[in-house]
Amino acid sequence: MMKINGDRLWDRLMEIAQIGGTPNGGVCRLTLSEEDKKGRLLFEDWCKGLGCSIRVDAMGNLFATYPGKDPYLPTLLLGSHLDSQPTGGKYDGVMGVLAGLEVIHTLHDQNYVPDRNIVVASWTNEEGARFTPAMIGSGVFSETFSLDYAYQQKDKEGITLHDALNSIGYKGTDSVKPNEFQYALELHIEQGPILEREEKQIGIVTGVQGIRWYDIHISGKECHAGPTPMDYRIDPMQSVPLLLTELYKISEVFGEDARITIGYIDASPAVKNTVPEKASISLDIRHPNEDQLTKMHEFVLSVIQTIDKESKSSIELEEIWHSESVVFDDNCVHAVQQASETLGYPHRRIISGAGHDSVYTSKVIPTSMIFIPCKDGLSHNELESAKKEDVIAGTNVLLHASLQLQHK
Ligand SMILES: [Zn+2]
């Protein structure tokens, strides 16, 4: 059975991790920085060594094409992203790009010419650490965002994404459209604790959670902590425990796939001896099934309405963001399942709790993902770590799923 070269893949991962490497063993390779440029050039060099042609689109998305027998057949798209968080790790994103490269390098070693071209992509600004929103490169590719909208985004220094692309020479002119691709696969670390805890090497990713973000605004009346008797007060803080108790019931009502996170509570003015005028609560709810997520949304609405009526304060729900859940393509999921079984790796089906470029590619290309465990489920952290044997297993699954999808 064909297998990838694990040492070569690992050595490349460690080599590219030197670019933007931090003293604590992490990586800082912010999108469109000088480090990002160096990472891209190294990746391009490796691809060119295998006879790949390189294209760069107007978003700086990078596409390396390994030629197959028939250049006119729709193509397989592999890849992920080379950018990192400011205190990121060695695996998030970059592993998926280098795994794609390792797949074509393995075919090259074997003199195996695939029926179709294979394209390895690296998407610009997946992390959203320098420019928001995250995944903007694949977002423009899938026509979720316009190019103009993307170009206008600014980093903390006020530099636009457009100028940042120009400054590292990656505002490309190649036109790369979704309709040239037949399937897309992305290998990534799980960024959660499930695979490690269950001792599974491979996560067959069947979809991505839908996400809704809110701010809950509670308005009361600012007054002195001493002279104002308790029953004279309109105190927004008194509604907070009621809201939390009722909102957390979402997890009982909607089961183990539901997630609810209250990240912070604010008050204003935030002073010890003053009843605040306003309080606000952040709310993040998630579910892999969009219908269930809609029902969770309705549950939140009814909690807000009920407590608004019962309390003296007035409570309003502001909707901030909605990212619909994604169900990945059956053929792709099946190819990953088959490859895991053929190779004999312990595996399970899993839902992604984080966003990925695959969320956007899946809007325009049949797509799925492969996860491998990461230590303690940690990511977006310099301590992020994955085992060499798991990186190799994931890449072998990517190879065999790719071979299978070649013939579909
Ligand atoms: Zn990532």
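Ligands are counted one by one from 1 in listed order, and the atoms in each one are counted from 1 as well. Everything numeric in this text was worked out from a predicted model, so none of it was measured.
- Partners of Arg259 according to the salt bridge (charged side-chain N to carboxylate O under 4.0 Å, His left out) rule, which considers only residues two or more places apart in sequence or in another chain, do not exist here.
- Between Phe145 and Tyr151, the gap from one ring centroid to the other reaches at least 6.0 Å.
- Considering His287, His297, Glu324 in turn, His297 is the only one that fulfils the side-chain hydrogen bond (donor to acceptor under 3.5 Å, both in side chains) rule with Arg212.
- Around the Zn ion (ligand 1), the protein atoms of type N, O or S found under 2.8 Å away are His81 NE2, Asp92 OD1, His188 NE2, listed by chain and number.
- For Thr75 and Glu180, the side-chain atoms include no donor-acceptor pair closer than 3.5 Å.
- Each of Asp36, Asp92, Thr31 was compared with His81 under the side-chain hydrogen bond (donor to acceptor under 3.5 Å, both in side chains) criterion, and only Asp92 meets it.
- Separation of the His347 and Phe371 ring centroids does not fall under the 6.0 Å cut-off.
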